Undergrad: 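Have a look at this one before I ask anything.
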Amino acid sequence: MGDNLNELLPVVDAEGNVTGSVLRAEAHNGSRILHPVVHLHVFNSSGELYLQKRPSWKSIQPDKWDTACGGHVDAGEEIKNALKREVQEELGITDYTPEFIKYYVFDSIQEKELVYVFKTIYDGQFTLHPTELSGGRFWSKAEIIENMNKGLFTPNFEKEYLSIFG
């Protein structure tokens, strides 16, 4: 089990304009080639935020709690279609209405991503894909804030959460 390192990803500039393509392996090997990803923050009607538990086999941030859904945009794929595909793959839901929040560049030692952030309110059932995530649950804002900077969450989630919802 592992990430598909031969997956073809678009290379983009900071405004999201496609300038080429790159293999996932190269995008995550420290080259820091900018490539797009989608994130969906799923709230329930009580205001709690659903977080996914990343599997132990993930090459980046294994076993950490992270945004409810996140994934790469494939080469030639529209952002909205990537979001729909990733949400269905990871959470098994299709009956939700995403609201675009913003996009920003996330830069780390290992990779550089143009992150398209969406949110939704959803009170239905999830069907978690066992090869995509190792679990998930709703968290209150107090629980999230209390557990910040303790190594429980991905750094990307912490920065994104604080900049949007904190």
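Atom set for the values below is all heavy atoms of this structure, side chains included, hydrogens, waters and symmetry mates excluded. All of these numbers come straight from a predicted model, not from anything done at the bench.
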Undergrad: Are V11 and L9 co-members of a hydrophobic cluster defined by side-chain heavy atoms under 4.5 Å apart?
TA: yes
Undergrad: Are L114 and L23 co-members of a hydrophobic cluster defined by side-chain heavy atoms under 4.5 Å apart?
TA: no
Undergrad: Indicate the atoms forming the closest heavy-atom contact of R85 with H72, along with that distance.
TA: NH2-O, 2.9 Å
Undergrad: Closest heavy-atom contact between P10 and A75?
TA: CD-N, 3.5 Å
Undergrad: If I compare all heavy atoms of N44 with all of I121, which pair ends up nearest, and what's the gap?
TA: C-CG2, 4.0 Å
Undergrad: Mark yes or no for whether R32, through its side chain, and S108, through its backbone, hold a donor-acceptor pair below 3.5 Å.
TA: yes
Undergrad: Find out if a path of hydrophobic residues (ILVMFWY) with successive side-chain heavy-atom gaps under 4.5 Å connects I101 to L40.
TA: no
Undergrad: So do the side chains of P155 and Q61 get within less than 4.5 Å of each other, counting heavy atoms only?
TA: yes
Undergrad: Using a 4.5 Å cut-off on heavy atoms from C-beta on, say whether the side chain of Y161 contacts that of K141.
TA: yes
Undergrad: Would the distance check show the side chain of H129 and the main-chain N or O of T131 forming a donor-acceptor pair, the cut-off being under 3.5 Å?
TA: yes
Undergrad: Carefully, step by step, assess T19 and D13 under the rule side chain to side chain donor-acceptor pair (under 3.5 Å).
TA: CA-CA 7 Å; T19 61; D13 64 20; over 6 Å; no
Undergrad: Ignoring hydrogens and geometry, is there a side-chain-to-backbone donor-acceptor pair from K64 to I60 under 3.5 Å?
TA: no
Undergrad: Here's a test for you: under ring pair (Phe, Tyr, Trp, His ring centres under 6.0 Å), which of Y122, F118, F165, W139 qualifies with F43?
TA: F165
Undergrad: Checking side-chain contact (heavy atoms from CB on, under 4.5 Å) against V12, which of V105, V73, L34 comes through?
TA: L34
Undergrad: How long is the gap from CD on E132 to NZ on K58, to the nearest 0.5 Å?
TA: 5.5 Å
Undergrad: Check for a donor-acceptor pair, side chain of E143 on one end and backbone N or O of S140 on the other, with a separation under 3.5 Å.
TA: yes
Undergrad: Can you confirm whether K80 is buried at NZ, in the sense that more than 12 heavy atoms of other residues, nucleotides or ligands lie under 6.0 Å from that atom?
TA: no
Undergrad: With clusters defined by side-chain heavy atoms of hydrophobic residues (ILVMFWY) lying less than 4.5 Å apart, directly or transitively, does L83 cluster with L91?
TA: yes
Undergrad: Is there a side chain to side chain contact (heavy atoms under 4.5 Å, CB included) between Y103 and I79 once you walk through the steps?
TA: CA-CA 11 Å; Y103 68 89; I79 299 300; over 6 Å; no
Undergrad: Please work out whether the ring planes of H35 and H28 are parallel, tilted or perpendicular, with thresholds of 30° and 60°.
TA: tilted
Undergrad: Between atom CD of Q52 and atom OG1 of T67, what is the distance when rounded to the nearest 0.5 Å?
TA: 7.5 Å
Undergrad: Rounded to the nearest 0.5 Å, what's the gap from CZ on F153 to CZ on R54? Could you check?
TA: 14.5 Å
Undergrad: Suppose we call two aromatic rings close when their centres sit under 6.0 Å apart. Are Y50 and F126 close by that rule?
TA: yes
Undergrad: Between CG of L8 and CD of E77, what distance do you get to the nearest 0.5 Å?
TA: 11.5 Å
Undergrad: Between E111 and E113, which heavy-atom pair has the shortest distance, and what is it?
TA: OE1-OE2, 2.8 Å
Undergrad: What are the two closest non-hydrogen atoms of S163 and K102, and how far apart are they?
TA: OG-NZ, 3.4 Å
Undergrad: Are Y116 and V37 in one and the same hydrophobic cluster, where Ile, Leu, Val, Met, Phe, Trp and Tyr link if side-chain heavy atoms are under 4.5 Å apart?
TA: no
Undergrad: For the pair V42 and Y96, evaluate side chain to side chain contact (heavy atoms under 4.5 Å, CB included) and give the outcome as yes or no after the intermediate values.
TA: CA-CA 9 Å; V42 179; Y96 66 99; over 6 Å; no
Undergrad: Measure the CG-NZ distance between L133 and K53 for me, rounded to the nearest 0.5 Å.
TA: 11.5 Å
Undergrad: So how far is it from C69 SG to L128 CG, rounded to the nearest 0.5 Å?
TA: 10.5 Å
Undergrad: Are the side chain of T120 and the backbone of T97 linked by a donor-acceptor contact shorter than 3.5 Å?
TA: yes
Undergrad: Please step through side chain to side chain contact (heavy atoms under 4.5 Å, CB included) for the pair I164 and K119, ending with a clear verdict.
TA: CA-CA 11 Å; I164 298 171; K119 70 176 181 176; over 6 Å; no
Undergrad: Verify, without hydrogens or angle tests, whether D66 (side chain) and T154 (backbone) share a donor-acceptor contact under 3.5 angstrom.
TA: no
Undergrad: Quick check: do F106 and E160 have side-chain heavy atoms less than 4.5 Å from each other?
TA: no
Undergrad: Considering all heavy atoms of both residues, which atom of S31 and which atom of A27 are nearest to each other, and what is their separation?
TA: OG-CA, 3.9 Å
Undergrad: Quick one: do I144 and W65 satisfy side chain to side chain contact (heavy atoms under 4.5 Å, CB included)? Show the steps, please.
TA: CA-CA 10 Å; I144 293 170; W65 289 93; over 6 Å; no
